[in-house]
Amino acid sequence: MSDAGYDHATVERRWQEAWDDADVFRTPDNVEDPTYVLGMYPYPSGKLHMGHVRNYTITDAYARYRRMQGDDVLHPMGWDAFGLPAENAAKERDTNPRDWTLDCIDTMRDQMTAMGFGYDWDREITTCTPDYYQWNQWLFSRFHEEGLVERRDAEVNWCPHCETVLADEQVEGEAELCWRCDTPVEQRELEQWFLKITEYADELLEAIDDLEGWPNSVRQMQRNWIGRQYGTELEFHVEDYGPVEAFTTRVDTIHGATFFALAPDHPISEALAEEDDEIRRFIDHEADPDGDEPNGVETDLTATNPATGEEIPVYVADFVLSDVGTGALMAVPAHDERDHAFAEKMGIDVRPVIAPEPDGDEDPTAPDVSEAAYTEDGVLIDAGEYSGLDSETARERLTEDIDSAEEATQYQLRDWGISRQRYWGTPIPVVHCDDCGPVMVPDEELPVELPEFINTTGNPLDAAEEWQRTTCPKCGADATRETDTMDTFVDSSWYFLRYVSPALEDAPYDRERANDWLPVDQYVGGIEHAVMHLLYSRFFTKVLADNEGLEHREPFTNLLAQGMVQLEGEKMSKSKGNVVSPQRIVEEYGADTARLFMMQAAQPERDFDWSEEGVQSTYAFLERLKGMVESYVDEQPDGDADAVANYVDAEIEATIAIASEEYEALTFNKALRETQDLVRTLRQYADYTEPHAETYERGLSAVVRLLSPVAPHIAEELYDELGSDGFVAEAAWPTAEVDRDYVAKRRRLVENTREDIRDIVDVAGIEDPTGIDVVVAPEWKYDALEIAIESDAENLIGELMQESHIRERGDAAADYGQDLQAEREALSMSLESDDEYAALESAAWLIEREFDAPVRVVRAAEADEDVLANAEPGRPAIEIDD
Ligand SMILES: [Zn+2]
Ligand SMILES: [Zn+2]
């Protein structure tokens with residue numbers, strides 16, 4: 001490939017070295033408030049994949065764009081280096097996770113450099129080094145001091161294959177499979193460390209409204225994850241066991257409660273299971289909270305409805321979750337889908353007590369609940385003294401009237417269990433003493449470093465006996481170290497702060513600088529992090545704001561979740577064998593081609609299909625552009641600054657205006673389409689006539705700069721060939737005098753005019769036109785149009801006729817007035833008449849080229865009256881001779 005094309009390997013290496021030598025991407029500590037552009041740091045799995053390449057091309061292109069706009073830019077990179085895969089890989093390869101991880105990092109850093117990503121490598125962070133993870137431990141102690149750490153027994157998700165506890169978020173699908181290995185997950189009871197994220201549930205929820213730079217989908221996912229519900233907590237008296245607390249959002253339906261349900265691990269369920277084999281069997285073998293249909297078993301107990309005194313049967317049911325609400329609920333089959341399904345299956349009464357709001361004075365009538373529950377609010381029926389109340393009033397009244405009832409708020413969000421029974425993570429800085437219990441390791445003894453890796457089937461830290469043995473920081477007695485390590489999401493919850501001062505030795509981040517430099521202005525990463533990573537980072541930021549002098553409560557101002565790179569509509573994956581390797585693409589076509597192809601293929605948020613043809617044509621485009629620059633430099637043209645040059649000049653302006661706006665919005669594909677159109681225009685220009693050197697060079701220079709954020713190496717090469725000083729990476733972004741609205745009008749005028757000529761040639765069957773006149777509308781029509789747009793008068797023509805210079809046009813004014821009246825809703829302002837004349841004059845060459853006939857652009861003053869009748873602002877009259 002490289003014999004036919006340009007020598008991309010040499011070009012790319014040259015500029016990578018030159019950038020490095022000149023420290024182009026370094027962010028000095030003394031800059032005031034750099035634009036902080038960040039891609040989610042990768043897990044060092046061994047090689048970059050296409051998802052990485054896309055993610056980091058987006059941030060790199062944006063960072064380069066901002067730098068050319070004159071901003072100081074912070075664009076760092078690091079490694080999410082702890083985690084289970086390294087441990088598994090080390091076992092397979094008979095090495096240790098540290099060496100394996102550091103090797104992977106070296107490989108991937110080289111690949112990033114080869115992609116031309118401009119990072120400040122002086123700020124590189126690697127989470128598996130004690131320099132970094134000591135601050136995880138330090139932060140854990142601070143959270144502990146603030147009462148945000150708790151140790152408690154908890155049912156945990158346990159993957160028997162990975163031999164580790166998984167977070168709920170790491171258990172996938174209805175089959176409950178481990179996210180890493182697809183093994184079915186089991187439940188186990190273990191003492192676990194928790195971070196109390198629920199303390200921040202309200203703020204985490206409410207502040208989502210202000211995250212205007214985030215995609216709505218991500219904001220909604222976070223809202224759902226937090227899942228705040230307002231309702232009522234109240235007690236049902238259960239026979240033999242006394243009062244049992246239940247939570248409901250629909251206490252207005254309490255008169256329709258026909259059974260009471262307990263979670264399988266509710267203390268009463270467990271007590272019953274001791275005596276009752278059927279309940280035991282259900283709890284141990286049949287209960288499946290994620291199953292398609294609700295399952296349960298009846299007990300001999302009854303519960304007393306506190307509103308009616310009625311005794312209703314008690315079931316143990318798997319759709320009741322012990323960690324949501326209270327693990328017990330009143331079930332109202334007439335007004336809840338799940339309760340309805342369960343009642344139908346078990347033959348329990350379905351009793352409607354809410355009716356739809358009736359029309360006018362009619363009485364409310366019970367809804368038909370034979371097939372499905374009626375779940376809307378409405379009017380209470382068959383509810384004693386509450387009948388006739390609307391749902392909302394009934395909820396308030398019942399919560400007041402029932403003795404045990406009070407308003408309550410419930411969340412889906414659970415505290416964050418961070419204990420992992422694995423080696424390759426941050427040791428939890430705790431010592432267990434027989435007398436003192438768990439004791440924090442004092443700050444001055446941090447970091448608690450990992451011992452050497454031991455290859456065992458279980459947790460290597462349990463096997464590291466020497467390492468475990470220590471003394472109690474409180475009483476000095478013999479004690480043992482905690483062998484759990486932290487969830488790696490702890491590492492990523494604050495890493496964006498570490499880049500600010502990566503080598504700082506006495507704190508996780510430099511406060512003053514963090515306050516100046518944060519929040520991250522533009523964050524980019526995969527949608528799979530919409531909940532956990534982003535929510536945990538928000539939580540950490542808020543805790544640090546409350547306790548560690550951080551003056552920001554949100555870490556990421558703007559968030560972009562990039563789409564997937566697919567192959568034939570499918571996600572690329574090793575298991576499907578449909579992976580396109582970035583290494584091969586870079587070798588064959590170069591990094592610029594790979595980057596440019598990806599950025600022009602689709603908007604960053606969208607999925608798109610990898611296409612080898614697309615890659616080849618991108619490569620061909622860069623090659624042609626290089627050819628254009630070289631032939632220009634070899635032999636400068638000496639054409640005139642004529643109308644054609646004016647047209648090209650206007651197109652350069654237009655491209656800069658539009659591309660800049662699109663870069664600003666990170667819609668690189670649109671910016672690049674404009675830039676490529678300009679290259680086409682320049683090529684047509686050189687084909688048509690001897691170009692005006694200054695104009696042509698201005699065009700090439702604009703193209704090079706507009707392309708440089710995405711295809712930086714070849715842009716440097718061409719910038720250099722054009723004789724510019726310094727790096728294009730540090731050059732000023734081109735600026736335009738025109739705005740986008742003006743550009744759109746001008747282009748529409750030219751396009752419509754060409755379209756009209758085509759139509760006339762077509763309809764009149766003109767084979768060989770010998771001359772084309774394009775006649776611009778008279779001045780008064782522009783005035784009339786403006787009046788029509790601004791006027792809200794009923795009688796537009798009357799208003800127009802108040803203007804003497806329009807009135808004196810007589811019938812022509814009346815005719816045009818009628819046209820305007822007819823299209824009043826759709827009118828839009830055209831260019832001024834002089835600008836229209838100039839635009840058409842400069843575009844005449846395109847028409848000449850297309851129809852192979854001389855073109856005259858005629859001002860109204862020089863045209864015949866009958867021709868002028870057809871000329872309107874934005875739509876000149878056309879006269880064709882043949
Ligand atoms: Zn697993
Ligand atoms: Zn002790």
Side-chain angles (χ1 to χ4, degrees), residues 43-46 80 82-93 97 100-101 137 140-141 144-145 149 151 154-193 288 290 416-425 427-446 448 453 455-462 465 467-489 528-529 532-533 573-575:
Y43 179 77
S45 54
D80 189 12
F82 271 139
L84 196 55
E87 214 168 322
N88 293 339
K91 282 183 180 176
E92 276 168 33
R93 291 166 179 77
W100 187 79
T101 301
Q137 297 173 337
F140 182 84
S141 292
H144 186 262
E145 282 167 4
V149 173
R151 178 171 164 84
E155 184 106 316
V156 294
N157 303 300
W158 176 263
C159 172
H161 179 258
C162 300
E163 298 181 297
T164 192
V165 173
L166 301 175
D168 285 345
E169 302 90 324
Q170 295 167 330
V171 178
E172 293 187 333
E174 296 214 338
E176 302 210 278
L177 303 179
C178 168
W179 71 322
R180 283 286 184 209
C181 72
D182 287 346
T183 303
V185 167
E186 297 170 358
Q187 299 298 307
R188 275 201 187 181
E189 190 91 356
L190 278 178
E191 279 221 290
Q192 301 278 292
W193 291 99
D288 175 13
D290 294 314
W416 174 14
I418 61 157
S419 290
R420 297 292 178 274
Q421 288 66 45
R422 298 308 309 185
Y423 169 79
W424 196 228
I428 292 177
V430 167
V431 163
H432 295 280
C433 168
D434 284 345
D435 291 330
C436 310
V439 180
M440 289 292 135
V441 174
D443 288 353
E444 56 276 15
E445 287 174 32
L446 300 180
V448 177
F453 180 65
N455 196 345
T456 73
T457 52
N459 178 0
L461 292 184
D462 283 332
E465 287 170 21
W467 175 84
Q468 278 181 56
R469 229 172 300 159
T470 183
T471 51
C472 172
K474 232 186 212 170
C475 72
D478 286 349
T480 56
R481 289 192 186 283
E482 169 74 49
T483 58
D484 282 355
T485 54
M486 294 183 197
D487 183 357
T488 57
F489 278 112
E528 67 274 19
H529 295 298
M532 287 182 280
H533 163 57
S573 78
K574 269 191 204 156
S575 58

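When a ligand or atom number is given, it counts from 1 through the structure's own listing order.
When side chains are defined from C-beta on, Q421 counts as touching D484, because their heavy atoms get closer than 4.5 Å.
Remark: at the Zn ion (ligand 1), atom SG from C159 and atom SG from C162 enclose 110°, rounded to the nearest 10 degrees. Rounded to 10°, the angle formed at the Zn ion (ligand 2) by C472 SG and C475 SG is 110°. With the Zn ion (ligand 2) at the apex, C436 SG and C433 SG define an angle of roughly 110° (rounded to 10 degrees).
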Ring pair (Phe, Tyr, Trp, His ring centres under 6.0 Å) between W416 and F489: does it pass, once the steps are laid out?
CA-CA 10 Å; W416 174 14; F489 278 112; 7.3 Å; no
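Heavy-atom neighbours of E191 CD from other residues, nucleotides or ligands within 6.0 Å: above the threshold of 12.
Coordination check, C181 versus the Zn ion (ligand 1): passed, since an N/O/S atom of the residue sits under 2.8 Å.
Aromatic ring orientation, F140 versus H144: parallel (interplanar angle below 30°, classes split at 30° and 60°).
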